[in-house]
Amino acid sequence: MFKGVASRALGVFALFTVVCGLGYTLVVTGIAQVAFPYQANGSLITVDGKVVGSELIGQNFEDEDHMWGRIQNVSIVEGEDGELVAYGAPSNLSPASEEYRQLVDARVRRFALQPRRGMDAVPVDLVTCSGSGLDPEISPDAAEYQVPRLAKATGKSEGEVRDIIAQCTKGRFLGVFGEPTVNVLKVNLMLDGAL
């Protein structure tokens with residue numbers, strides 16, 4: 001009797017493994033490829049036929065000519081073969097830890113050195129990590145905070161920089177859910193004249 005129950009249990013296990021593990025995955029992947037191919041393939045941004053990043057994964061920009069995003073826990077660089085490679089790992093630093101406080105303090109001091117800015121005005125999303133450490137977007141306030149520095153560094157007027165930011169700003173989902181966001185990579189590509 002035990003042998004019959006065990007064989008039926010193994011049969012059910014094998015069936016559900018195939019149906020849920022393979023069948024479901026293939027169906028969902030197929031639907032995504034047909035209905036949302038851009039998103040299903042990583043929302044990759046290409047310039048002149050070369051992938052320069054993803055709309056979904058933040059990249060680290062720290063030079064004066066580019067907009068800075070949130071603190072990134074994972075860095076994305078170009079490998080030897082030209083492919084984008086991620087290294088590092090998301091951090092589990094507690095907001096109450098000394099190491100996290102030092103990281104945030106250093107970032108606040110860096111932003112406070114920007115033209116016409118003080119330490120009290122630094123938007124929080126410029127000096128903290130997100131939960132994933134990979135956010136590609138910042139708030140419109142955080143983008144506006146950087147306008148004087150970007151204008152000075154790029155030679156563009158503040159109005160031109162604001163126009164670029166406006167073009168890269170995504171509103172609330174369905175007009176009510178979430179908050180408006182600015183895609184940092186798109187802004188930087190437009191500042192460089194690549195988009």
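Here the structure is a predicted model, which means the values were calculated and not measured.
A side-chain donor from one of D125 and S139 sits under 3.5 Å from a side-chain acceptor of the other. Side-chain contact of N41 with Q33: a donor-acceptor pair under 3.5 Å is present, judged by distance alone.
T181 places no side-chain N or O within 3.5 Å of a backbone atom of I138 that could act as its donor or acceptor partner. Between the side chain of R172 and the backbone N or O of P180 there is no donor-acceptor pair closer than 3.5 Å. Looking only at distances, no side-chain donor or acceptor of W68 sits under 3.5 Å from a matching main-chain atom of V184.
For the pair R70 and E137, the salt-bridge criterion is not met [side-chain N within less than 4.0 Å of a carboxylate O].
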Pair K186-I164, side chain to side chain contact (heavy atoms under 4.5 Å, CB included): steps then yes or no: CA-CA 9 Å; K186 286 184 175 180; I164 290 172; over 6 Å; no

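The shortest distance between side-chain heavy atoms of L185 and E55 does not fall below 4.5 Å. Taking 4.5 Å as the limit, every side-chain heavy atom of Q59 sits out of range of all side-chain heavy atoms of I57. Inter-residue side-chain proximity for V147 and R162 is flagged as met; some heavy-atom pair is nearer than 4.5 Å. The shortest side-chain heavy-atom distance between E158 and L150 does not fall under the 4.5 Å cut-off. Side-chain atoms of Y24 and V19, non-hydrogen and from C-beta on, never get closer than 4.5 Å to each other.
Residues V187 and V47 share a single hydrophobic cluster, defined by chaining ILVMFWY side chains whose heavy atoms lie under 4.5 Å apart. Both Y38 and V52 are part of a single hydrophobic cluster, where members link through side-chain heavy atoms under 4.5 Å apart.
Between the CG atom of N183 and the SG atom of C168 there is a distance of 6.5 Å, given to the nearest 0.5 Å.
Across all non-hydrogen atoms, the minimal contact from P123 to A142 is CG-CA, 3.7 Å. S54 and G42 make their closest contact through OG-O, 2.7 Å (heavy atoms, listed as atom of the first residue, atom of the second, distance). Taking each heavy atom of R149 and D63 in turn, the nearest pair found is NH1-O, 3.7 Å. Nearest heavy atom pair, residue A151 against residue S157, reads CB-C, 4.1 Å. Contact between R101 and D105 at its shortest, heavy atoms only, is NH1-OD2, 2.7 Å.
For the side-chain contact (heavy atoms from CB on, under 4.5 Å) test with I165, the passing option among E160, M190, Q146, M67 is M67; the others fail.
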